[in-house]
Amino acid sequence: MALDLDTRDQLIETIRRFVAERLRPLEHQVAEDDAVPESIVAEMRELGLFGLSIDPEYGGLGLTMEEECLVAIELGRTSPAFRSVFGTNVGIGSQGLAMFGTDEQKARFLPRIATGELITSFALTEPEAGSDSAAVTTRATKDGDHYVLNGAKRFITNADKAGLFTVMARTDPDKPGAKGVSAFLVPADSPGLSIGKPEQKMGQHGAHVCDVIMEDVRVPAENRIGAEGEGFKVAMQVLDRGRLHIAAVCIGCAERLIADCVTYASERKQFGKLIAEFQLIQAMIADSRTEAMAAKALVMETARLRDTGASTTLEAAAAKYFASEMVGRVADRAVQVFGGAGYIADYGIERFYRDVRLFRIYEGSSQIQQLIIARETLKDYAG
Ligand SMILES: Cc1cc2nc3c(=O)[nH]c(=O)nc-3n(C[C@H](O)[C@H](O)[C@H](O)COP(=O)(O)OP(=O)(O)OC[C@H]3O[C@@H](n4cnc5c(N)ncnc54)[C@H](O)[C@@H]3O)c2cc1C
């Protein structure tokens, strides 16, 4: 159920203050250390950030999609690595279970996911199955009342901290593609499961991705999410939702960068004038503002549509595509507005430029969003 408006505004204000006062001062340090301090993680727990999307019955805040997007916009106003700490618990790591799990599965895991005691990860991508995610080769072979999992997952966010993975694995090797895939809840301490070293990334330092290797990992059959062969459907529905959240984060990042541009342009003088007075600088600010507003309208409209129970596959893909490309252009203009300073680490703009690059790649690249948008449009307009 939606929060009443006062409560919603209070929540947004609390998060805005947390971002401004607690997270922003640490941006540089987190990037340098490639780690978010434990004291900040503890504050995130207290604020309920790990449980934003989880039903209050299991200890979460149970936000609507519209409310979650408003929160995600606030979180976007600082380094995206902070959001990653709890991002998988709010989205891809928990939602397979939240949407398709049995009451027993939910009662077993969701309360600890909501508090942040248990970190969750979503393990779909493999070395040979990225955009073509239905091609997963990780095997889950039935053995009595267990499945035995073998395979390797790649680039899994928070894998080094996760206590629980949602793993997509092939239960039916005779069914190639989506139909042979099932989803499993796999505890990280399962014998045979190991985690690779965190990858060196272009940006979002402080957030980690690792390989997850499974060698004869025995998973009780009761840990399967949904029916056999429904795993790909679970993954796609989780991503449908996750894409809206990511699109909202892109808006927050864009608004932050626009504000930084205005501040800098209002202080920096060239040719005896503030650069904010130059119309060519103003044009860049105007383009960034317009595009951020357009993305916000699309994301919030889609979130409200989703809250009515309607399918938003097309709209969520369009929102993620537009917002992630938009923030890339905004970050590029921000470097330009800052001039040489935009290229120098101390100003933080080049860091954002690198950080936002990821949004065009994960949870479905821009090309994959284009394919979804085109597929749905061709269906919609088929005579
Ligand atoms: C930091 C980070 C975090 C991640 N976190 C997770 C996670 O938590 N869980 C998880 O499961 N995965 C995660 N991923 C994986 C991510 O979702 C994939 O990297 C992404 O889906 C792209 O797959 P790929 O890297 O194999 O690229 P590829 O699929 O090899 O794509 C390479 C290029 O080809 C394009 N392309 C592919 N197919 C087509 C097509 N049919 N038409 C046109 N162009 C096409 C792509 O758009 C891209 O430009 C993460 C990745 C990164 C980098």
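Numbers here simply count residues along the sequence, with the first being 1. For ligands, and for the atoms within them, numbers begin at 1 and follow the listed sequence.
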Which label fits F50 and F86: parallel for a plane angle under 30°, tilted from 30 to 60°, or perpendicular past 60°?
perpendicular
Which pairs pass salt bridge (Lys or Arg N to Asp or Glu O under 4.0 Å) with one or both residues in residues 246-257, sequence neighbours excluded?
E27-R256, R77-E255, E255-K296, R256-D260
Tabulate distances under 3.5 Å between N/O atoms of ligand 1 and N/O atoms of the protein, writing both atom names on each line.
unit_1, atom_1, unit_2, atom_2, d
ligand 1, 5 (N), F155, O, 2.9
ligand 1, 5 (N), T157, OG1, 2.8
ligand 1, 8 (O), T157, N, 3.0
ligand 1, 8 (O), T157, OG1, 3.3
ligand 1, 9 (N), F122, O, 2.8
ligand 1, 11 (O), L124, N, 2.9
ligand 1, 11 (O), T125, N, 2.9
ligand 1, 11 (O), T125, OG1, 3.1
ligand 1, 12 (N), T125, OG1, 2.7
ligand 1, 14 (N), F155, O, 3.3
ligand 1, 23 (O), S131, N, 3.4
ligand 1, 29 (O), S131, N, 2.9
ligand 1, 29 (O), S131, OG, 2.6
ligand 1, 47 (O), S365, OG, 2.6
ligand 1, 47 (O), Q367, OE1, 2.7
ligand 1, 49 (O), Q367, OE1, 3.4

If you look only at pairs with a residue in residues 44-53, which of them pass as a salt bridge (Lys or Arg N to Asp or Glu O under 4.0 Å), with sequence neighbours excluded?
none
For V186, does its backbone N or O pair with a side-chain atom of N223 as donor and acceptor, under 3.5 Å?
no
Sorted by chain and number, sequence neighbours left out, side chain to side chain donor-acceptor pair (under 3.5 Å) with S324 holds for none
Does some side-chain heavy atom of R112 sit less than 4.5 Å from a side-chain heavy atom of N89?
no
